[in-house]
Amino acid sequence: MASMPQSLTGLARRLVADGIVSEHDALEASKTASQEQTSLVTVLVRSKKASPLNIALAASSEFGDPYFDLASLNTEMIPKNLVEDRLIRRHNILPIFKRGNKLFVATSDPNKQDALRDIGFASKMTTESIIVEEDKLTSMLEVYFHSKNTSINVADTDLNDLEFEEDNTQVSEEISAESAEDEAPVVRFIAKMLKDAIASGASDLHFEPYEKMYRVRYRVDGVLREVFRPPVAMATRIASRLKVMSTMDIAEKRVPQDGRIKLRVSQSRAIDFRVNSLPTLFGEKIVLRILDPSSAKLGIDALGYELEQKTLFLEALERAQGMLLITGPTGSGKTVSLYTGLNILNQPDINISTAEDPVEINLEGINQVNVNVKTGLTFAAALKSFLRQDPDVIMVGEIRDLETAEIAIKAAQTGHMVMSTLHTNSAPETLTRLRNMGVPSFNIATSVNLVIAQRLARRLCPVCKAKKDYPIDSLYPLGFLAEDFPPEDLAKGSTQFYDPIGCDACKDGYKGRVGIYEVMKVTPTIQRIIMEEGNSILIAEQARREGFPDLRRSGIKKALAGMTSLQEIMRVTTD
């Protein structure tokens, strides 16, 4: 057998020796893992250079740790709350059972000795690693976190016993699981609705009055679902209670109002709700947007950027000046992307100021301003004030008019990093939208560094997703290329994608969401097209030539990786 290269050690060396991967693939995977600061196993599985089972068996043999099939594990036996979630996410390992003072930890990469040390320190137990398959570990982690997120204790409410007579009792504006049981029935009902919405992963709650019925709907994974129909007699009292909780004027029912609710679901977790009331034909419709502060601290790796896109994003954040724009429809995750960037930049030596309407997530160390048009505190007024306060980074919630755009661009050209959002369908259209607002082409070309367009697609449930054959000829019109498919699939004329099925662990075959991004750097060639007043089509064509995939191509990668379905990609990337 040929001598093994000195650069290959440990698991990589064993995989080559066993003929599981080639020497070239092992070297390339090791290099990629080092660059991405991730594990060799993750890279090999992601690139499909070796099966997770073969890797796990080789790792077990090489390191002497036992192999375990996670598919046979009873998830109810997994110990919870022994180790903080952040450690489990950081190291991509999972404590699966304990015996006495020994904690057995599932990992796909036995090289993670620092992970075992951290877990042992946090749990105050002796740790022992068990080798599992990478794909099964990923699925099990999703199930684990999902089960934790849905384990919020909610006081059971018998809705048939609700009384609808006028309640003169003064209610508290603080809600807790303990106090809810002692308060009025409507108060308990609303507390249950809010907590159930958090448990189900909803982003919005709709309380809607109609002539002959009243309904409550949640938006889960981007799709509205009706969850309950209280009696119509509850409509006024529900609206009044929600307005009291969000400090609105309870007597004013003729104009829309905005408010905010803070709900503490545990000692360490609080959720904010942004509340809006709207007078309709049969009463006030109340919509609550759930704002989870922890979403701003997920980290860039949790957002779903491809490696090249992530690199462009981080490079733009490191620039001392210039503008970074994020675009997409309402509910596409723009706010989380912005806050993720701010969180990366949030250091003691950087002065960050934001103007938002309204401030959605509070971040320690960042100066956040609530825009209030009635008092004259507009985006433009806030920006002018920021420039007198020695800023390094400025975030504008949204560029809505020419005045705000001009001040933001001036700031980007005079030594400041500016981040903002617009409502357009794609990255190229964002640049032409600024020109249509009246911003000179030269200013756009010299100030904008990066544009990100994004969507959120529903993620396939790892428990029930199933493969289905698709004719390759039918995929080319959707944006697929011949190079997307393995040679054997091209030969037989069909390939496989995962489809949603539906099970007890999910809704309609989907659970959670994944980001799809079009990340376009404003290169010298694109700058020239802008200054020549080229349209968005010309900019898009040049972006493709320079290797910046559009939303459809980015979505196709997610479908090929089994993260979401082909149908979902078509749904979210069709304008």
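Worth saying up front: this structure is predicted, and the values here are computed from it rather than measured. Computation of the quantities below employed the complete heavy-atom set of this structure, encompassing side-chain atoms and omitting hydrogens, waters and symmetry-equivalent molecules.
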Main chain of [Y], side chain of [X]: is a donor-acceptor contact present, judged purely on distance under 3.5 Å?
X: Q454; Y: S332; result: yes
X: N449; Y: L324; result: no
X: R46; Y: A561; result: no
X: N535; Y: T432; result: no
X: T421; Y: G397; result: yes
X: K310; Y: I300; result: no
X: N276; Y: V287; result: no
X: D118; Y: A115; result: no

Quiz item: With distance as the sole criterion, is a donor-acceptor pair present between the side chains of Q413 and T446 under 3.5 Å?
Solution: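 Yes.
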Self-check item: Side-chain donor-acceptor pair present, T327, E429, cut-off under 3.5 Å
Solution: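 No, no side-chain donor-acceptor pair sits under 3.5 Å.
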Exercise. Would you check, one step at a time, whether the test side chain to side chain contact (heavy atoms under 4.5 Å, CB included) holds for D357 with R400?
Key: CA-CA 11 Å; D357 184 19; R400 297 176 179 172; 3.2 Å; yes
Exercise. Start with the C-alpha distance between E568 and K558, add both sets of side-chain angles, then the distance that settles salt bridge (charged side-chain N to carboxylate O under 4.0 Å, His left out), and finish with yes or no.
Key: CA-CA 10 Å; E568 183 69 2; K558 295 292 191 298; over 6 Å; no
Exercise. Please report the C-alpha distance between E541 and R544 in whole Å, then the side-chain angles of each, then the deciding distance to 0.1 Å, and finally whether the salt bridge (charged side-chain N to carboxylate O under 4.0 Å, His left out) criterion is met.
Key: CA-CA 5 Å; E541 290 174 348; R544 301 299 88 79; over 6 Å; no
Quiz item: Which residues pass the side chain to side chain donor-acceptor pair (under 3.5 Å) test with D401, sequence neighbours left out?
Solution: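 In terms of side chain to side chain donor-acceptor pair (under 3.5 Å), with neighbours along the sequence ignored, D401 is linked to T404.
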Quiz item: side chain to side chain contact (heavy atoms under 4.5 Å, CB included) with F282: which residues, sequence neighbours excluded?
Solution: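 Per chain and number, F282 pairs via side chain to side chain contact (heavy atoms under 4.5 Å, CB included) with E211.
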Quiz prompt | With R219 via side chain to side chain contact (heavy atoms under 4.5 Å, CB included) - residues at least two apart | solution =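 For R219 the side chain to side chain contact (heavy atoms under 4.5 Å, CB included) partners, ignoring immediate neighbours, are S203, D204, L224.
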Exercise. Nearest 0.5 Å please: distance from the CD1 atom of I394 over to the CE atom of M323.
Key: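 CE of M323 is found 9.5 Å from CD1 of I394.
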Check the surroundings of atom [atom1] in [X]: do more than 12 heavy atoms from other residues, nucleotides or ligands lie under 6.0 Å from it?
X: R433; atom1: CZ; result: no
X: R319; atom1: CZ; result: no
X: L307; atom1: CG; result: yes
X: R545; atom1: CZ; result: yes
X: Y210; atom1: OH; result: yes

Quiz item: Which is it for L345 and M419 under the side chain to side chain contact (heavy atoms under 4.5 Å, CB included) test, yes or no, and what are the steps along the way?
Solution: CA-CA 12 Å; L345 294 170; M419 303 170 66; 4.2 Å; yes
Practice problem: Go through the steps for I344 and L314 under the test side chain to side chain contact (heavy atoms under 4.5 Å, CB included), then give the verdict. | Solution: CA-CA 9 Å; I344 292 171; L314 293 175; 3.9 Å; yes
Exercise. Applying salt bridge (charged side-chain N to carboxylate O under 4.0 Å, His left out), run through E403 and K384 and close with a yes or a no.
Key: CA-CA 11 Å; E403 184 182 12; K384 289 177 182 177; 3.3 Å; yes
Quiz item: Between Y517 and F313, does the ring centroid distance fall short of 6.0 Å?
Solution: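 They do not qualify: ring centres at least 6.0 Å apart.
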Self-check item: Candidate pair I407 and L387, rule side chain to side chain contact (heavy atoms under 4.5 Å, CB included), full reasoning
Solution: CA-CA 9 Å; I407 299 171; L387 293 175; 4.1 Å; yes
Self-check item: Evaluation steps, salt bridge (charged side-chain N to carboxylate O under 4.0 Å, His left out), between E284 and K253
Solution: CA-CA 7 Å; E284 290 181 282; K253 301 180 180 179; 5.5 Å; no
